[in-house]
Number of protein chains: 2
Amino acid sequence: MMSKATQLLTPIKVQDSMEANKPDTATRILDVAERLFVEHGFEATSLRMITQQAEVNLAAVNYHFGSKDALFESVFMRRIGPFVAACLAELDTLEQSGQALTAEQLVVSFIRPCLALSKDPARGGALFVRLMSRTLVENHRLLREALNQQYSIFVQRYTSAFQRALPQFGAEDIAWRMHFAFSVMFNAFAGNDVLKIFVRSQVVTARDPDMIVKHLVPFVVAGLTAPI
Amino acid sequence: MMSKATQLLTPIKVQDSMEANKPDTATRILDVAERLFVEHGFEATSLRMITQQAEVNLAAVNYHFGSKDALFESVFMRRIGPFVAACLAELDTLEQSGQALTAEQLVVSFIRPCLALSKDPARGGALFVRLMSRTLVENHRLLREALNQQYSIFVQRYTSAFQRALPQFGAEDIAWRMHFAFSVMFNAFAGNDVLKIFVRSQVVTARDPDMIVKHLVPFVVAGLTAPI
DNA sequence: ATGACTTTAGAACAAGCGTTTGAAACTTAC
DNA sequence: GTAAGTTTCAAACGCTTGTTCTAAAGTCAT
């Protein structure tokens, strides 16, 4: 048994044979778990649902990942790293130009990776954004600590970038506006519309990612740059 | 046994005696369940957790509400009615003045009931907004249908009000902007900050409702009124 | 005080949960 | 081909879940 420890260190395991067109067991579990966790949440998703749909044995989850909690962590970590890296790469490119950045450029640097994610089924499509929004609300303690340690750089980079882009605002105002901005951006891509609780929203059901961006950018930029 | 049906028709049961300062069994269950559903989510909250903390017998939930699902519905319905009514009352007052409404007035008409809720522990405090945001993400099918039937008027009223306040935009643009606006307002009051996944956010942890409003209104109004 | 009704109580139920086990099947290297 | 290592499998484990049952206790008008 080599998996429980090493799997976490090499989470992005490529499909190493073409003899069957199915991905290997661990990947199949990750894919199904990702979808079911998004659909029903962590607690409401049983290992039996996952293993059945993934067509693997029930014990395979504990063999490959150690526990249901560890499986969730693996599901999440498989996506978060590349996503954060993509955002930071956008920031790098912008800052290398040497020119002063606008709020709109910063907004787009976050939205572009979201958009790429939404359009690429191989990277989980829109699932990961929805998984993040569920995770945010479900408040997995263990996951939070891991993310705090690994990815706080994400917020730091954006914070200082926004402080330079909006020098007229103090640090506290910037924090509030980023809070609002990322909140609306994330929920837009996750498809979380409060109004859809009350009526069948035509906005959210027809979810062309490009349409989201088209309407989202002006809204967020205006909110960020509005005089106090 | 009179409760399963009639309880739903008279959900706001006042404490009818002062001989003990405890509310009656059904109310005590509702209060504890509301808090635990918000804290841990529906699936992760067991009836035993609820009944233990409410200091009632385990069977009391099924006796008074029929099932765990029905309990959730009761918890939600106890709050949603008064909240929607408060928003619509604000709209009524505004529209009775006869003058043309601004986007800011409409935003405030929604925020004011949120604020009142947040400040009144007797009405569940900030719990209900957080419950809504969890419900939104957890997607209770039964609840959705009930809300669709009863409270679609809420969205209709706000939609037509915004169309009059922002006549320069088409219906589709209005829908998108309302989607974004209510999304950010709700998540602000629910304390859902994406960034807090990555770092301990000072914005969200210090949650003075008045501070939320002070920063929220300019952001949302600017987003709503921004040229396309 | 009696009888009808409502509410509480403890115990039990079947079903589902995450996890573990130990043996079988498969893969890989020599 | 054999041995070592890896992965799959069916079965079972102990435990918790929502729900139900029946009897006891409490309430209240007559």
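Predicted model only: the values in this text are computed from it and were never measured. Lettering of chains follows the sequences in order, A, B, ..., and the numbering in each one begins at 1.
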Between P of dC9(D) and CG of N62(A), the distance in whole Å: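 In whole Å, dC9(D) P lies 15 Å from N62(A) CG.
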
Taking the minimum atom-to-atom distance to the side chain of A59(A), which one of dA9(C), dT19(D), dT21(C) wins?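 Looking only at side-chain atoms, A59(A) lies closest to dT21(C).
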
Centroid separation under 6.0 Å, is that true for the rings of F42(A) and H140(A)?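 That pair passes the under 6.0 Å test.
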
Test: E90(A) and R112(A) ion pair at under 4.0 Å: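 Looking at E90(A) and R112(A), the cut-off is met.
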
Rounded to the nearest angstrom, tell me the gap between atom CD1 in I50(B) and atom C1' in dT16(D).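 In whole Å, dT16(D) C1' lies 15 Å from I50(B) CD1.
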
Would one find a side-chain N or O of T25(B) under 4.0 angstrom from OP1 or OP2 of dT7(C)?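 T25(B) to dT7(C) OP1/OP2: no side-chain N or O under 4.0 Å.
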
Euclidean distance, atom NZ of residue K68(B) to atom P of dT20(D) [Å, nearest integer]: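 Interatomic distance, NZ of K68(B) to P of dT20(D): 15 Å.
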
Measure CG/L58(B) against P/dT20(D) and give the value in whole Å, please.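 From L58(B) CG to dT20(D) P: 12 Å.
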
Have a look at T45(B) and say if it touches a base, only the backbone sugar-phosphate, or nothing, with a 4.0 Å heavy-atom cut-off.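 Sugar-phosphate contact only - T45(B) comes under 4.0 Å of backbone atoms but never of a base.
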
Nearest to the side chain of Y63(A), which nucleotide is it out of dT6(D), dG18(C), dT19(D)?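 Closest nucleotide among those given: dT6(D).
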
Salt-bridge test for D193(B) and K196(B): reply yes if a basic N is under 4.0 Å from a carboxylate O, no otherwise.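 A salt bridge is absent here (no side-chain N lies under 4.0 Å from a carboxylate O).
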
Report the distance from atom CG of D24(B) to atom P of dT7(C), rounded to the nearest whole Å.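 The answer, rounded to whole Å, is 9 Å.
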
Is the closest basic N to carboxylate O distance between D31(B) and R78(B) below 4.0 Å?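 Answer for the salt bridge query: yes.
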
Taking OP1 and OP2 of dG16(C), is either one under 4.0 Å from a side-chain nitrogen or oxygen of S46(A)?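 Checking dG16(C) against S46(A), no side-chain N or O comes under 4.0 Å of OP1 or OP2.
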
Between A44(A) and R48(B), just flag the one whose closest nucleotide in DNA chain C comes earlier from the 5' side.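 The 5'-side residue here is R48(B).
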
Atom-to-atom span, CD of E43(B) to P of dG18(C) - whole angstrom: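 Going from CD in E43(B) over to P in dG18(C) covers 11 Å.
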
Phosphate contact (dT6(D) OP1 or OP2) by H64(A) side-chain N/O below 4.0 Å: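 Answer no for this pair, as no side-chain N or O of H64(A) is under 4.0 Å from OP1 or OP2.
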
Which nucleotide in dT19(D), dT20(C), dA10(D) has an atom nearest any side-chain atom of N57(A):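 For N57(A), the side-chain atoms sit closest to dA10(D).
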
What I want to find out is whether E39(A) reaches R130(A) closely enough, with some N-O distance under 4.0 Å, to be called a salt bridge.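 No salt bridge links E39(A) with R130(A).
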
